[in-house]
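Report on the structure given below.
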Amino acid sequence: MAQKGLSNPPDLFRFEIVPEGSDTVRLRLTGPLDAESVSRFWRPMERRLGKLRFQRLQIEAGEVNRWDSAGVAFLHQLRREAEGRFRAEVHIDGLPPEWERSLKPPASTAREKSAAEPAGLIGTIGQTAIEEATLLVDALAFLGRLTQGLGAAFHPRLFRPREFLRIFESAGVDALPIVSLISFLIGLVIAFESARPLATFGAQIFIANMIGLLMVREMGPIMTAILLAGRSGSAFAAELGTMKVNEELDALETMGIDPIRFLVIQRVIAGVIVTPLLTIYSIFVGILGGVLVMIGLGYPLEAIYHQMDAAVHIHDIFVGVSKAAVFGLLISASGCFLGLRTRQGPAAVGASATGAVVTGILLIIVADSVFSVLLYLLNL
């Protein structure tokens, strides 16, 4: 059944929405399609189309008797929303020849359609190489803009302290329960797993040395970073990705506001600061879990303390905290980067959040490997 437009005199603009079958909608436009009619009927038409589900939208504009740039912009936006929101195929009939060129699909759309077609093994390899090279170029450009925008942290008008505190709370304070649980259990596991092998040599007292070194240099920074990659990295990507899909980032750029300085800097700085702090807390809780196991094995607290004091030095703590700061930078930067690269579509935000977690964990492992090689060469 046709859905009529708002009541109008015969000489004014009218629209009619006619569903055809289960996957096609026909939109008939009549009268002048100009700035005045677009301003009145844009939202009502969008609301009515939003209530329908379709895979093909046929726009009939042959009965439009007057055009201007606002009318053409309206058709362009309507097609863009239908293709992005519903993944629908859009056809426009009756468009004047002078306006047809302005409504041709952009080159990016043509490339996406051609990429969707089977291209064979060689074509797939080439397309993957192009995508990876584009990703690398975008990452380098983002890194440059991020480095340039870090100056905003020292500018009182550009840095937003309330936003920084909100992110610091959500990424740091709200993560304390899960960090406490995981770190405590890690300390218990290390102590229990090493107790029986060391008992064979009568060296269970060295469990304290193992717990101290592992938690300070490796397990504390890595486990904290992985937890933050799952919590904060994905949250950063989801927040910025949602803003990208809703075109809020485009609105910021239109107003002359750099999204890097306005949104990314606070998140990166919060990640760099909160990760070492959580790592120190994780080290303490993990050591506590191991100490409780050793006390259960019959060792006095003084002996455990002296063993850890002999095994763990200041430079070990410095190494662990330095790793945590680098991990925090990688997690927050990768999450923001993938959030800014979110594409259109209902699954785009979820894909960005998942990619942020996977990328963050991968970068953590790679960075930790680099740290291990350098520390070995420097004998630290």
Side-chain angles (χ1 to χ4, degrees), residues 139 142-143 146 150 164 167-190 210-240 264-290 312 315-339 352-376 380:
F142 173 80
L143 181 61
L146 178 61
L150 283 175
F164 170 78
I167 297 170
F168 190 88
E169 180 182 358
S170 62
V173 179
D174 294 346
L176 285 176
I178 185 64
V179 171
S180 302
L181 176 61
I182 297 299
S183 301
F184 185 79
L185 294 179
I186 288 294
L188 287 177
V189 169
I190 294 174
M210 183 179 300
I211 293 173
L213 287 175
L214 280 178
M215 290 304 302
V216 170
R217 293 178 66 100
E218 284 295 328
M219 298 307 297
I222 286 184
M223 294 308 301
T224 302
I226 290 177
L227 289 175
L228 288 181
R231 290 187 77 260
S232 304
S234 60
F236 292 167
E239 290 175 0
L240 297 181
V264 175
I265 296 301
Q266 288 80 8
R267 287 169 169 79
V268 171
I269 295 177
V272 173
I273 295 177
V274 78
T275 309
L277 295 178
L278 282 177
T279 296
I280 295 173
Y281 176 76
S282 172
I283 292 171
F284 173 78
V285 176
I287 290 177
L288 176 62
V312 181
H315 72 270
D316 296 317
I317 299 176
F318 176 76
V319 168
V321 173
S322 300
K323 284 184 178 182
V326 174
F327 295 162
L329 174 63
L330 295 175
I331 293 168
S332 54
S334 61
C336 293
F337 170 67
L338 293 176
S352 296
T354 303
V357 176
V358 175
T359 304
I361 294 176
L362 176 62
L363 292 177
I364 290 168
I365 301 302
V366 172
D368 188 64
S369 302
V370 174
F371 266 109
S372 298
V373 174
L374 292 178
L375 294 174
Y376 176 79
L380 293 176

Inset, instruction - Please name the pair of heavy atoms, one in Ile211 and one in Gly286, separated by the smallest distance, quoted to 0.1 Å. - result: CG2-O, 4.2 Å
Inset, instruction - Taking the side chain as every heavy atom from C-beta outward, state whether Met215 and Ser282 have any pair of such atoms under 4.5 Å apart. - result: yes
Inset, instruction - Compare every heavy atom of Ala356 with every heavy atom of Gly335, then report the nearest pair and how far apart it is. - result: CA-CB, 4.0 Å
Legend entry - Heavy-atom check, side chain of Tyr281 versus side chain of Leu277, under 4.5 Å: no
Legend entry - Heavy-atom closest contact (Leu228 atom, Ala175 atom, distance): CD2-CB, 4.3 Å
Legend entry - Close side-chain approach of Glu218 to Asp368, heavy-atom, < 4.5 Å: yes
Inset, instruction - Keeping the roles fixed (side chain from Ser234, backbone from Arg231), state whether a donor-acceptor pair exists under 3.5 Å. - result: yes
Inset, instruction - Kindly compute the distance separating CD1 (Ile317) from CD1 (Ile283), expressed to the nearest 0.5 Å. - result: 7.0 Å
Inset, instruction - Without swapping roles, check the side chain of Ser334 against the backbone of Ile331 for a donor-acceptor pair under 3.5 Å. - result: yes
Legend entry - Minimum-distance pair of heavy atoms, taken over all atoms of Lys323 and Arg217: NZ-O, 3.0 Å
Inset, instruction - Measure across Val268 and Ser332 and return the closest heavy-atom pair with its distance rounded to 0.1 Å. - result: CA-OG, 3.4 Å
Inset, instruction - Nearest 0.5 Å please: distance from the OG1 atom of Thr359 over to the CG atom of Leu330. - result: 11.0 Å
Legend entry - 4.5 Å side-chain heavy-atom contact, Val264 and Phe337: no
Inset, instruction - Please tell me if the side chains of Val274 and Ile167 come closer than 4.5 Å, counting only heavy atoms from C-beta onward. - result: no
Inset, instruction - Any chance you could measure Thr275, atom OG1, to Ile280, atom CD1, to the nearest 0.5 Å? - result: 11.5 Å
Legend entry - Approximate separation, where rounding is to 0.5 Å, of Leu288 CG and Leu188 CG: 8.5 Å
Legend entry - Heavy-atom check, side chain of Val326 versus side chain of Val272, under 4.5 Å: no
Legend entry - Closest approach of Thr224 to Gly220 (non-hydrogen atoms, all atoms of both residues): OG1-O, 2.8 Å
Inset, instruction - Rounded to the nearest 0.5 Å, what's the gap from CE on Met223 to CD1 on Ile182? Could you check? - result: 6.0 Å
Legend entry - Approximate separation, where rounding is to 0.5 Å, of Ile269 CD1 and Gln266 CD: 7.0 Å
Legend entry - Flag side-chain contact, heavy atom, 4.5 Å: Thr279 against Val179: no
Inset, instruction - Output, in order, the C-alpha distance, side-chain angles, deciding distance and verdict of side-chain contact (heavy atoms from CB on, under 4.5 Å) for Leu181 and Val285. - result: CA-CA 9 Å; Leu181 176 61; Val285 176; over 6 Å; no
